[in-house]
Amino acid sequence: MIDTVRIPRAHRFATAQIETDRQVELWERHNAKSLIALACRPPAARSFEATEVNLQLERIHLARVRGTRHLVERSAELVEAEPTEAIAVYVTIMGETVFEQDGQRRVLRPGQLLVCDADRPFLRAFGQGLDELAVKVPRSEFSAITGLATVPTPVTVDVGPGQNQHGRALARLVGRAVRRDCPVPADEQAVLELVSVLATRGQVGLPVAHTSAARMYIEEHFTDPMLRAADIASSTGISERHLSRLFAAVGTSVPRHILARRLDAAYSMLSADTTDSLRTSDVAARCGFTSVAYFSHTFHKRFGITAGDVRPTPAD
């Protein structure tokens, strides 16, 4: 029996419908369970409005967090009581964030990304409110790729146009995965590799750097039916043979990886309410397939159901 793939669903939590005097309590409880345990302190005598979209993948956790003005603290006592054993990444979308750790203070502005060890005490203040992406990577996964147990010093990079390409790619991957309107499932291995490259300031081994670059190129071009291994290798600056070896080392091949990314994107598109007017053939074409029959066959093989079965059930 062949194991079929399941696309994880994001879950949303909001304080808007909670009584004002319990908003902070339930927000802290939710974060401790879903992301990272934090003490939250909004301005006194004010309603605290916040939403969080959480997406738990097989190994890592992605989120988008929005909130009104507040600050959060992960104290030494909280770290000891509720260790998370993870590396955290935050991408600022709107507002400025003050981040303090190990006696160092820095201000993060929209378009900047921060990588830090979530089990080293820190404080974050959102004086203008909060809108950011977050990634939580288990320490064991991070160590397996980098050989490091921690991020000794927080790393900050700019992810705007023309800035750090790895940071920009990571922000794009996470942002697409947690958006409410037709999300694009994240390539989990790509996220892990990008975090590793960023956390080590590019000093991670060449195989990881090359594979990360290849996956970045694929993410931007997998809907192109003409995408070939030669294009990917050329963009990465390596030979096709070396490219094949890199993907074989993680148990796949370039064609299988491209096919998987196309099928995952098609599944998400088919299951979205906003695209229910599209025909299955339209979805297949948008995701890089030139044959509807081949799309239908591979879709069923990957997910164990037909493309039509994924369609949302019309409301009565």
Side-chain angles (χ1 to χ4, degrees), residues 1-10 55 57-59 62 169 172-191 211 213-236 238-316:
M1 180 178 179
I2 298 175
D3 291 334
T4 54
V5 172
R6 292 290 179 264
I7 300 295
R9 297 283 186 177
L55 179 61
L57 303 182
E58 183 178 348
R59 293 172 288 172
L62 311 179
R172 180 171 169 78
L173 274 176
V174 177
R176 293 192 306 179
V178 297
R179 71 189 185 194
R180 298 185 67 183
D181 179 19
C182 194
V184 178
D187 176 357
E188 189 168 25
Q189 186 63 30
V191 173
T211 308
R215 288 177 183 273
M216 285 166 52
Y217 188 85
I218 291 170
E219 285 304 303
E220 295 300 320
H221 298 88
F222 69 73
T223 58
D224 179 0
M226 300 306 293
L227 178 62
R228 298 291 183 269
D231 305 320
I232 303 164
S234 176
S235 73
T236 311
I238 58 177
S239 67
E240 286 188 60
R241 178 175 295 182
H242 185 46
L243 178 69
S244 296
R245 286 198 295 264
L246 291 174
F247 277 80
V250 292
T252 188
S253 68
V254 175
R256 287 204 301 271
H257 178 70
I258 294 172
L259 175 60
R261 297 304 296 142
R262 288 171 173 166
L263 290 170
D264 288 354
Y267 187 105
S268 182
M269 192 176 294
L270 285 164
S271 62
D273 292 333
T274 54
T275 57
D276 58 4
S277 62
L278 290 177
R279 298 176 300 173
T280 298
S281 57
D282 296 328
V283 172
R286 289 191 180 192
C287 294
F289 291 91
T290 56
S291 166
V292 177
Y294 178 67
F295 166 72
S296 299
H297 170 73
T298 54
F299 190 95
H300 186 273
K301 183 176 180 180
R302 182 165 177 81
F303 300 112
I305 55 176
T306 68
D309 290 335
V310 179
R311 292 287 192 183
T313 302
D316 293 333

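Atom-to-atom distance recorded for S253:OG and I258:CD1 is 8.5 Å, nearest 0.5 angstrom. The structure places CD1 of I218 at 10.5 Å from CG of D231, a figure rounded to the nearest 0.5 Å. Remark: R302 CZ to I7 CD1 distance equals 6.5 Å, nearest 0.5 Å. Note that OG1 of T290 is 12.5 Å distant from CZ of F295, once rounded to the nearest 0.5 Å. The CZ atom of F299 lies 5.5 Å from the CG atom of L270; values are rounded to the nearest 0.5 Å. Interatomic distance, CE of M269 versus CZ of R286, reported as 6.0 Å (0.5 Å rounding).
Of the possible donor and acceptor atoms, one in the side chain of E188 sits under 3.5 Å from a partner among the backbone N and O of R59. A donor-acceptor pair is defined here as one N or O able to donate and one able to accept, closer than 3.5 Å; such a pair exists between the side chain of S296 and the backbone of V292.
When side chains are defined from C-beta on, T298 counts as touching F289, because their heavy atoms get closer than 4.5 Å. Between R179 and V184 there is a side-chain heavy-atom pair separated by less than 4.5 Å. Under the 4.5 Å side-chain criterion, counting only non-hydrogen atoms from C-beta, I232 is not in contact with H221. Considering only heavy atoms from C-beta on, F222 stays 4.5 Å or farther from L259 through its side chain. Counting only heavy atoms from C-beta outward, the side chains of L246 and T236 never approach each other to under 4.5 Å. Put simply, the side chain of L55 reaches to within 4.5 Å of the side chain of P8, judged on heavy atoms. Residues L227 and R262 meet the side-chain proximity criterion, which asks for heavy atoms closer than 4.5 Å.
With sequence neighbours left out, the salt bridge (charged side-chain N to carboxylate O under 4.0 Å, His left out) criterion links E219 to R176, R261.
What you find for R256 and G251 is that their closest heavy atoms are NH2-O, 3.7 Å. Between V250 and R215 the shortest heavy-atom distance is CG2-NH2, 3.8 Å. Considering all non-hydrogen atoms of both residues, A229 and L243 come closest at O-CD2, 3.6 Å. Heavy-atom minimum distance, A177 versus A186: CB-CB, 3.9 Å.
Ring geometry for Y267 against F303 counts as tilted: the plane angle lies between 30° and 60°, on a 0 to 90° scale.
R180 CZ: 12 or fewer foreign heavy atoms inside a 6.0 Å radius.
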